[in-house]
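This report refers to the structure that appears directly beneath it.
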There are 2 protein chains.
Amino acid sequence: MTQDPAAATATATAATTKQRLLAAAREEFAAHGIAGARVDRIAELAGVNKERIYGYFGSKQKLFDQVVSQALDELAEAVPLRPGDDPAEYVGRVYDFHRANPVLVRLSLWEGLHYRDEALPDEERRATHYERKVAALAETFGTEVSPEVASCLLGLIALAAWPSAVPQMSRLILGAGPRPDLRAHLVEFARRAVADSLPAGGGAGTGAEA
Amino acid sequence: MTQDPAAATATATAATTKQRLLAAAREEFAAHGIAGARVDRIAELAGVNKERIYGYFGSKQKLFDQVVSQALDELAEAVPLRPGDDPAEYVGRVYDFHRANPVLVRLSLWEGLHYRDEALPDEERRATHYERKVAALAETFGTEVSPEVASCLLGLIALAAWPSAVPQMSRLILGAGPRPDLRAHLVEFARRAVADSLPAGGGAGTGAEA
DNA sequence: TTGACGTCCAACCAACCAGTTGGATACCTT
DNA sequence: AAGGTATCCAACTGGTTGGTTGGACGTCAA
């Protein structure tokens, strides 16, 4: 049978091949999008025959979906948002992640552009994921979950991700010169925006003076 | 000669053909991006022969650049930012524009994704455009132009554009149900963020109560 | 009318690309 | 050792794509 533990070695090499393909696909898709990505390039970069893509994933599109799903899991694990976390610091962490690893933003944008308004592949799992984040933020605020809190989360993510999403615009607005401390400014921007929502006397020391 | 006023009628039909192509291209590029767009579809949608695209614009890529340039001009004209304008209201106006006309965000995203970090076609013109916006914002704040002000502008645009940039995420975070008043929440979010920067006693009546 | 100029188009092309096929090779089971 | 199973791959294919070509048509100047 396929799932026999006996098939360990064979399955192992298959698994690594699959991983190599996923890694290569991530680069290619992040760089060129779904339409622009070339299956042959992915195979070549992975050092694997192109046919394996269809054997393992079925189609270019399904490969893309798996790539995004995997990348999204990594983001969720790398930048958690727990009850009590300072929302402004969360913006900083997300900003750092995207700055260090722009691949994920690019994948998300390609995906959003591609799927427009239709449902995404694993819509449900993502929905619960965001639900949990909204709940955590609400708990931080000491309020119930509400559209306000959800909008607030969206705003925080917007601040953190936008510079990586449109690097051209960021560069043009900030000026090409020596990069000023954008991160700090965004964190402060967020801190002021949520200040009123936080329970009194939050731990945030820096801030309000211009 | 080409530019003879005598050739008025002929040139006129040519100009309309060109406009038809630009309009069709805008739809196609906004929907599918540079790689995904099909030259034949653009020609068909415009009711014009494909060859005209090459006659007028030279290449698919150059057509795309013209489309973006034209669309960007429209945005700049439709949503100005003048000294004294309430920054929070600016967020609302930009949000409205993108919501009503998502084509431009999509074009910008495709463009940013495509050009990555390299220089854009008309980099200089855009730079001065943003420069002017930053100057206007600084004047509103009653301060000099600075990285802080520039970062602030970037943050404001982020808030206004992000929901249109990643509609999937917005839908998942806000819940599929009856759309809550996201616009109002974002405007308030922005209002709190810039409150300290505004000269004392700004006209903003609504706001600070949670 | 004639000739020049510019617009327009049907048909064409060579390159490219996602997806397939048929068989070679390695491993595990009995 | 033989048979079954799964991985892997070189070569192929049929449809598509960006871009081109050669000429028809209409307009204006002389």
Side-chain angles (χ1 to χ4, degrees), chain A residues 1-29 31-68 110 114, chain B residues 1-68 110-111 114:
Chain A
M1 314 292 178
T2 311
Q3 353 207 20
D4 254 348
T9 57
T11 306
T13 68
T16 63
T17 300
K18 225 171 150 178
Q19 282 308 316
R20 292 174 61 84
L21 279 174
L22 279 171
R26 181 187 295 209
E27 290 307 310
E28 178 72 9
F29 281 126
H32 304 106
I34 303 180
R38 296 295 162 237
V39 178
D40 302 78
R41 272 200 300 249
I42 296 175
E44 191 189 348
L45 180 58
V48 166
N49 189 278
K50 175 171 65 157
E51 178 268 358
R52 278 297 81 205
I53 290 174
Y54 298 93
Y56 288 136
F57 303 100
S59 71
K60 187 187 184 182
Q61 176 73 46
K62 285 179 187 161
L63 173 58
F64 177 81
D65 291 341
Q66 282 236 14
V67 165
V68 172
W110 290 120
H114 179 83
Chain B
M1 312 290 178
T2 310
Q3 353 207 20
D4 253 348
T9 57
T11 306
T13 69
T16 63
T17 301
K18 223 171 152 180
Q19 281 308 315
R20 292 174 61 83
L21 279 174
L22 278 171
R26 181 188 293 211
E27 290 307 311
E28 178 73 9
F29 280 126
H32 303 106
I34 303 179
R38 295 295 161 238
V39 178
D40 302 80
R41 271 201 301 251
I42 294 174
E44 191 190 348
L45 180 59
V48 166
N49 189 277
K50 176 172 64 156
E51 178 268 357
R52 279 295 82 204
I53 291 173
Y54 297 93
Y56 288 136
F57 303 100
S59 71
K60 187 188 185 183
Q61 176 72 47
K62 284 179 187 160
L63 173 59
F64 177 82
D65 291 341
Q66 283 237 11
V67 165
V68 172
W110 290 121
E111 186 195 39
H114 179 82

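Chain naming here is simple, since letters A, B, ... match the order of the sequence lines and numbering starts at 1 in each.
With values rounded to the nearest 0.5 angstrom, A:R52 atom CZ is found 14.5 Å from A:R20 atom CZ.
Regarding contacts with the backbone of D:dG18, a side-chain N or O of B:R38 is found under 4.0 angstrom from either OP1 or OP2.
By the 4.5 Å heavy-atom criterion applied to side chains, A:K62 and A:Y56 are not counted as neighbours. A 4.5 Å side-chain heavy-atom check between A:E27 and A:L45 finds at least one atom pair inside the cut-off.
When distances run from any side-chain atom of B:S59 to the nucleotides C:dC9, D:dG19, D:dC12, the shortest one goes to D:dG19. When distances run from any side-chain atom of A:T17 to the nucleotides D:dC8, C:dC8, D:dG18, the shortest one goes to D:dC8. Of the candidates C:dT20, D:dG19, D:dC9, the closest approach to any side-chain atom of B:K50 belongs to D:dG19. You'll find that the side chain of B:V39 is closest to D:dG18, out of C:dA18, D:dC8, D:dG18. The A:E51 side chain lies nearest to D:dA10 when the options are D:dT20, D:dA10, D:dT17.
Contacts of B:A37 with the nucleic acid, taken as non-hydrogen atoms under 4.0 Å apart, involve only primed sugar atoms and P, OP1 or OP2. Contacts of A:Y56 with the nucleic acid, taken as non-hydrogen atoms under 4.0 Å apart, involve only primed sugar atoms and P, OP1 or OP2.
A straight line from CZ of A:R52 to C1' of C:dT21 spans 13 Å, rounded to a whole angstrom. In this structure, the CD1 atom of B:I53 is 15 Å from the C1' atom of C:dT7, given to the nearest Å. Protein atom CZ of B:F57 is 18 Å distant from nucleotide atom C1' of D:dT20, rounded to whole Å. In this structure, the CG atom of B:D40 is 15 Å from the C1' atom of C:dC16, given to the nearest Å. Atom pair B:Y54:OH and C:dC8:P shows a separation of 17 Å (rounding to whole Å applied). When the C1' atom of D:dG18 is taken as reference, atom CD of B:E44 falls 16 Å away, rounded to whole Å. What separates NZ of A:K18 from P of D:dA6 is a distance of 14 Å, to the nearest Å. If you take CD of B:Q61 and P of D:dG19, they are 9 Å apart, rounded to a whole angstrom.
A donor and an acceptor atom never sit less than 3.5 Å apart when one is taken from the side chain of A:K60 and the other from the base of C:dG19.
Heavy-atom neighbours of A:Q61 CD from other residues, nucleotides or ligands within 6.0 Å: above the threshold of 12.
Residue A:R41 is the one, among A:R41 and A:N49, whose nearest nucleotide of DNA chain C lies closer to the 5' end (criterion: closest heavy atom).
Using cut-offs of 30° and 60° on the angle between ring planes, the pair A:W110 and B:W110 is tilted.
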